[in-house]
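What follows is a single structure, written as structure tokens, with notes after it.
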Amino acid sequence: MHLILFLVFAGFCLVGAINLLLQSHPINSALSLIVVMVSLAVLYLLLGAEFLAAAQVIVYAGAIMVLFTFVIMLLNASREERTLGSRAALRVGFPSVVAILAIIATVILHTQGLGVARLSDGITSTEELSAVLFTKLLLPFEVTSVLILIAILGAVALAGHDARDPQGIRERTGGK
Amino acid sequence: MTIVQFILWSVLKVAVVTVVMLLAVAYTVLLERKLVGRIQNRWGPSRVGPFGLLQPLVDGAKSFLKEDIIPTGVYRPLYLIAPILALGCALISIGVVPFGVPVSVAGSPPLFQIANVNIGLLVILAVTSIGVYGIALAGWSSNSKYSLLGALRSSAQLVSYELALGLSLVGVVLRAGSLNLRVIVEQQATQGMLSWNVFGGMQFVAFFIYLMAAYAETNRSPFDLPEAESELTGGYHTEYSSMKFAMFFMAEYANMITVGCVATLLFFGGWTSPFGDLIPPFENVFFDAGLSLFWFVLKVFSFLFLYVWVRGTLPRFRYDQLMNFGWRWLMPLAILNIVATSLWLAYR
Amino acid sequence: MNAFFSQEVPLSWYLLLSAVLFSLGVVGFLIKRNLITIFMSIELMLNGVNLSFVTFAHQWHAVKGQIFVFFVMMVAAAEAAVGLAIIIAVFRARATLAVDRIDRMKL
Amino acid sequence: MNAPLHLWLIPLLPFAGFLINGILGRRLPKWIVTTVALLAPLAALGLVLNAAQGFFGIGATVSSLPYIETCPLPWINAGLLHIDFSFVLDQLSLVMLLVVTGVGFLIHVYSVGYMSDDEGYARYFSYLNLFLFFMTVLVLAGNALVMFIGWEGVGLASYLLIGFWFQKKSAADAGMKAFIVNRIGDFGFLIAMFLLVANFGTLTFTEIATKLGQDPGWNGGVVTVIALCLMMGAAGKSAQLPLYIWLPDAMEGPTPVSALIHAATMVTAGVYMVARTHVLFDHSPFALSVVAIVGAATAIFAATIALVQNDIKRVLAYSTISQLGYMFLGCGVAAYSAAIFHLMTHAFFKALLFLAAGSVIHAIGGEQDLRKMGGLWKKLPVTFAVTTVGVLAIAGIPPFAGFFSKDAILYAAFLQGTNGKILYSVGLLTALLTAFYMFRLWYMTFLGEPRSPQSHSHESPWSMRGPLLILAALSICGGWIWLFGFGEFLAPVLGARVTEASSWRLLVPYTQYSLSLETVLSIVAVLVALEGWLIADKFYRRKPARPAQWATAMPAGYKLLANKYFVDEFYGATVVKPLLGFSKVFLEWVVDVGILGGATWLLGGIATFAGAILQRWQSGNLRSYAAWLAAGAAALLLFLLVPWTTVLATLPAIHLGLAGH
């Protein structure tokens with residue numbers, strides 16, 4: 001059962017990720033990414049991380065990707081243009097990716113003592129997680145909250161219209 | 001229990017729940033039409049069948065039989081996926097809702113619940129948050145400005161009120177110490193109505209917030225801005241017709257039912273009797289199970305009634321009022337509620 | 001039945017999947033031409049890494065791996081907010097999302 | 001009982017004036033600038049007088065000299081070398097301080113009138129205050145290093161003030177010339193200091209004197225070298241042969257500056273320094289005779305040049321050089337008190353002459369050429385009167401100040417054996433020449449017919465005439481203090497020499513024995529001076545054609561003198577031109593263009609080349625950045641995760657395995 005679920009959702013993951021690359025319209029890519037994320041949530045469940053599975057769906061699929069689609073809609077992003085870009089970089093980049101993948105795969109396949117995952121394995125409950133998070137790691141947690149607050153402010157400052165220029169006149173006229 | 005049995009039982013449960021759910025959706029529509037009719041001092045549907053009881057079936061047939069129009073300018077893949085996504089999400093979240101006491105027959109897995117999940121509440125929230133896509137994609141792929149505006153409004157509204165909704169539930173979770181819906185219900189089952197979260201659990205503020213947020217989440221009046229007919233000629237589903245429109249319609253009502261279920265489970269003691277031990281149990285498994293189911297359906301029904309009542313009574317908010325209300329009032333209130341509940345629990 | 005439920009999946013498969021996802025993210029970064037899609041590729045990389053964190057948490061029965069993922073998610077949320085705001089600002093200034101056209105190194 | 005005198009305030013007050021006027025001067029109203037500028041030297045003068053009163057006045061508070069003030073914080077503490085920032089007040093520095101602050105204050109007052117129309121009014125006074133600051137530091141210095149600070153500082157102030165009108169190229173050049181020539185002298189001073197540290201381990205004057213006194217073995221050798229190096233520094237600062245060339249050019253600065261810095265105070269710093277370090281010279285007869293010979297040579301050399309100069313300020317400049325030569329002559333015959341005495345009187349009458357010249361220049365609209373003056377005595381009666389006093393004083397006519405000091409030096413030289421006689425004759429000849437060219441100046445300026453239309457010439461304002469009158473009074477009476485035991489007063493510092501004991505101290509009865517000799521010498525000197533006057537009278541009043549006749553009769557000689565012995569040209573040909581040629585050929589073409597330029601071009605080329613390559617990296621294209629990032633990550637992973645030792649160990653095996661096949 002575990003094997004089947006793993007194969008199915010790993011397949012979903014891979015298909016979604018590849019589809020993300022193949023699709024030329026950003027919204028399709030975004031939907032592919034959502035598929036990847038939801039499938040990953042299932043994989044997390046299989047690995048016994050149920051809280052993370054829910055958080056994955058809520059945070060990634062439900063918040064971050066909504067933001068992405070929102071921006072895609074807002075900017076009315078269309079199919080990407082066939083620009084040339086940097087061929088040389090691609091010549092460097094693809095071998096590098098292949099090298100990275102090869103190295104990591106080699107290392108993983110040569111690592112001894114990696115265990116196995118079963119359905120009957122213990123599940124990390126939300127209590128255990130929060131017990132550590134809110135005692136030992138309280139400070140990082142709080143710092144993260146501050147980080148998010150700052151990010152919100154930054155996002156508002158960056159994307160929001162200038163308060164003195166609500167109609168965006170200055171932007172359109174090049175600041176004059 | 002063999003694997004074949006397991007799969008069969010699961011399929012059976014899913015099928016039954018889905019059918020019941022769809023029927024419930026259909027009759028919720030009828031309930032709304034009837035009730036709104038009575039509120040507006042008219043009859044509502046009354047011609048098809050006795051008291052118009054067959055009206056939903058006829059409506060469904062009509063939707064199926066209507067010409068399926070796909071406008072030329074739409075982005076087809078998403079235009080087709082969107083209603084499925086919306087209805088799918090609305091139906092999936094019922095999967096973790098327990099309807100009554102855990103009973104099983106002939107070695108079956110527990111009936112009255114498709115899956116008992118440790119993090120049931122989070123699953124519901126997660127699925128709800130996915131539901132946004134149905135609306136957003138529908139509006140965007142329609143390639144129509146009304147649809148797009150409706151979709152943008154809707155996305156913004158859903159994302160905003162999701163926060164308040166989630167935060168309002170934290171108090172309940174704190175009290176129960178679990179995210180499992182069954183545990184939350186059983187924790188309220190001691191003294192009947194008095195131990196319900198909304199009363200004995202001191203979560204009335206949370207309930208109020210939940211109610212507001214739930215109305216907004218389901219795009220129901222008075223927060224039905226995304227489909228404000230007078231402004232947007234129907235909102236995100238302007239360009240949809242026939243069965244696809246019906247799917248959005250069903251999704252909305254399915255969501256209403258889900259939200260009613262969640263409210264029942266979290267604040268009103270779920271399937272437990274409001275009288276606690278005053279009425280002794282019948283010592284008969286089937287009778288007890290039926291009774292629990294009865295209480296649950298009754299509570300959910302009262303919520304649906306409330307929904308319709310509010311819709312028939314209150315005027316619609318303005319969009320900025322809606323956003324203000326969500327961010328400036330509900331959110332801080334929810335946070336205050338969390339703080340107060342924590343303090344109360346800590347120094348009880 | 002028991003055999004069916006107790007099927008095992010080696011953790012190295014999960015790790016391999018995570019490596020592949022990460023690499024696909026890198027490839028996406030390299031070949032995609034739309035700023036938003038590139039940003040999505042970054043999210044894909046993060047997700048790939050998250051999967052390996054969860055896998056290792058399972059391997060060592062340690063909660064901290066999962067907490068790491070939790071933090072990654074939070075940071076990713078903050079990053080997405082700021083990043084998308086930047087993308088909006090860039091779009092306002094340049095009226096394009098094609099990265100190959102946004103190579104002035106200034107807004 | 002030693003009450004604190006707060007010597008540190010004496011330099012600090014002018015420094016405060018410098019800061020205020022230098023930083024805020026442009027924005028302050030003129031009267032505040034003036035007040036600040038005048039208050040600083042006045043307060044310093046008050047402090048000096050207070051100190052003097054502390055020693056000699058009624059209710060003296062300080063019983064013993066020298067009085068030393070040391071900065072409580074250690075200044076330099078390097079190994080065995082400890083140098084404190086210390087100020088010393090003794091008889092020598094007291095006299096010098098009185099001259100510096102007194103004359104300085106008078107010239108400040110004079111400048112208020114002289115510079116009133118100048119744009120750089122505040123700048124001028126800030127520089128002047130800065131000069132006073134450094135000069136007082138120099139005078140008060142308790143060790144050579146502190147003195148060196150003042151030494152360099154006055155050089156800086158001199159440079160700034162010579163080039164005060166820096167828009168004028170000649171002024172800017174003159175400033176640089178003064179600075180560079182001074183550097184040569186400073187070089188000697190620095191070497192002397194290194195030698196002092198190396199041999200004595202200290203730079204404090206009193207400690208050096210003590211160490212020299214303890215060990216009679218210190219004679220000649222190192223001491224001579226040190227003394228000669230010091231002499232080199234002194235020659236640079238005090239414009240002695242061969243480093244005098246900057247002083248005439250320094251007349252490009254404003255006239256009060258010439259009076260203060262290049263006549264009265266700064267240029268005498270060399271004399272002061274020799275007097276301050278006289279113990280070293282006393283232990284080296286050779287160095288002492290070098291000082292005397294250089295002094296005498298400078299005196300007569302400059303005097304001959306002064307004979308034919310036509311620029312009023314240049315005449316005075318060469319006269320200053322000549323008089324400084326006198327002072328060195330005095331030092332060289334170990335008559336330090338006489339030298340200091342001459343320094344003081346010279347400060348009075350030379351400042352007076354410069355200021356009077358300034359008054360003349362001011363009156364006739366910036367004209368400095370003697371040949372275009374004449375008959376000014378009616379229009380400038382006060383200036384004429386004070387100039388007369390000054391001329392009489394410098395010529396050595398009794399009872400004016402110059403007579404006493406010059407006589408003291410000549411007398412001391414005469415007593416120095418055979419060499420002394422030669423020096424004496426040179427001095428006497430110089431005195432003749434001095435009298436001649438000073439009266440020549442006097443005649444050409446004030447008497448005779450006006451040689452240019454000077455309808456607008458007028459007497460100076462009172463702010464300028466006041467200092468003139470005070471200085472005139474000092475030029476008349478300043479010499480009389482010799483009679484009241486000036487030499488004895490300085491003796492604790494400079495050492496008493498029997499030969500110096502002048503019989504002209506009429507009030508002191510016990511020096512009858514040499515009365516006749518000194519009287520004779522004095523009469524000779526006065527006669528020589530009068531002879532100079534007579535020649536001048538003949539040449540420039542009774543037979544005005546005579547100078548031209550002489551000049552045509554001896555064209556070579558006249559040309560030689562008029563062109564100042566071609567010294568500047570000589571230096572130009574021997575030092576400047578080769579140096580320039582060397583710079584041009586070697587430094588510019590080989591070092592600059594060849595080595596430095598080549599290196600620069602090479603580096604630049606490498607940078608450009610590398611930039612051209614690296615530039616392709618900085619394309620701004622996000623995806624290429626990502627590609628390189630991926631390459632870096634791959635490299636890092638290769639480095640970290642691949643077990644290189646194992647791989648490398650297996651490589652040969654693989655190779656061998658292949659070979660085996």
Please report the C-alpha distance between A/Leu129 and C/Phe70 in whole Å, then the side-chain angles of each, then the deciding distance to 0.1 Å, and finally whether the side chain to side chain contact (heavy atoms under 4.5 Å, CB included) criterion is met.
CA-CA 10 Å; A/Leu129 203 65; C/Phe70 178 75; 5.8 Å; no

Assert top hit (heavy-atom pairs under 4.5 Å, partner chain C, pool A/Leu75, A/Leu43, A/Leu3, A/Val98) equals A/Leu75

Looking only at C/Val54, C/Ile88, C/Val82, the option with the highest number of non-hydrogen pairs under 4.5 Å against chain A is C/Val54

When the 4.5 angstrom heavy-atom criterion is applied to A/Leu21 and chain C, the contacting part is both

Walk me through whether C/Leu24 and A/Leu14 qualify under side chain to side chain contact (heavy atoms under 4.5 Å, CB included). CA-CA 9 Å; C/Leu24 283 174; A/Leu14 290 176; 4.3 Å; yes

So, the part of C/Leu51 with a heavy atom under 4.5 Å from chain A: the answer is both

Assert top hit (heavy-atom pairs under 4.5 Å, partner chain C, pool A/Leu74, A/Leu153, A/Ile108) equals A/Ile108

Whatever's closer than 4.5 Å to a heavy atom in chain A on C/Phe29 counts as neither

Please assess A/Leu137 against C/Phe68 for the test side chain to side chain contact (heavy atoms under 4.5 Å, CB included), listing each intermediate value before the final yes or no.
CA-CA 10 Å; A/Leu137 297 170; C/Phe68 232 112; over 6 Å; no

Note: vs chain A, highest number of non-hydrogen pairs under 4.5 angstrom among C/Thr37, C/Val26, C/Leu46 is C/Thr37

Under 4.5 Å to a heavy atom of chain A? For C/Phe91 that would be side chain

Bottom line for A/Thr144: the part with an atom under 4.5 Å from chain C's heavy atoms is side chain

Assert top hit (heavy-atom pairs under 4.5 Å, partner chain C, pool A/Ser96, A/Ala157, A/Ser32, A/Ala30) equals A/Ala30

Most contact-rich option vs chain A, by heavy-atom pairs under 4.5 angstrom, among C/Glu43, C/Met74, C/Lys64, is C/Glu43

Whatever's closer than 4.5 Å to a heavy atom in chain C on A/Val36 counts as side chain

When the 4.5 angstrom heavy-atom criterion is applied to A/Phe68 and chain C, the contacting part is both

Honestly, the part of A/Ala131 sitting under 4.5 Å from a heavy atom of chain C is neither

When the 4.5 angstrom heavy-atom criterion is applied to C/Trp13 and chain A, the contacting part is both

Comparing A/Ile100, A/Leu20, A/Val59 against chain C, the one with the most heavy-atom pairs below 4.5 Å turns out to be A/Leu20

When rounded to the nearest 0.5 Å, the distance separating CD of A/Glu128 from CD1 of C/Ile67 is 10.5 Å

Between the CD atom in A/Gln23 and the NZ atom in C/Lys32, the distance rounded to the nearest 0.5 Å is 7.5 Å

Of C/Gly65, C/Ser23, C/Gly83, C/Ala19, the largest count of non-hydrogen pairs under 4.5 angstrom with chain A goes to C/Ser23

Applying a strict 4.5 Å limit to non-hydrogen atoms, the region of C/Leu21 in contact with chain A is side chain

Verify whether one side chain among C/Asn47 and A/Gln56 offers a donor that lies under 3.5 Å from an acceptor in the other.
-> yes

So, the part of A/Ile104 with a heavy atom under 4.5 Å from chain C: the answer is side chain

Under 4.5 Å to a heavy atom of chain A? For C/Gln66 that would be both

If one checks every heavy atom of A/Leu109 against chain C at 4.5 Å, the contacting part turns out to be side chain

Side chain to side chain contact (heavy atoms under 4.5 Å, CB included) between A/Ile72 and C/Met40, intermediate numbers included = CA-CA 12 Å; A/Ile72 293 171; C/Met40 285 186 220; 3.7 Å; yes

Counting heavy-atom pairs under 4.5 angstrom with chain C, the leader among A/Pro140, A/Ala63, A/Ala105 is A/Pro140

Okay, A/Ile150 and chain C: the region with an atom under 4.5 Å from a heavy atom over there is neither

Under 4.5 Å to a heavy atom of chain C? For A/Leu40 that would be side chain

Could you go step by step and tell me if C/Phe71 and A/Phe141 meet the ring-ring contact (aromatic ring centres under 6.0 Å, His included) rule?
CA-CA 8 Å; C/Phe71 280 126; A/Phe141 179 77; 7.1 Å; no

When the 4.5 angstrom heavy-atom criterion is applied to C/Thr55 and chain A, the contacting part is both

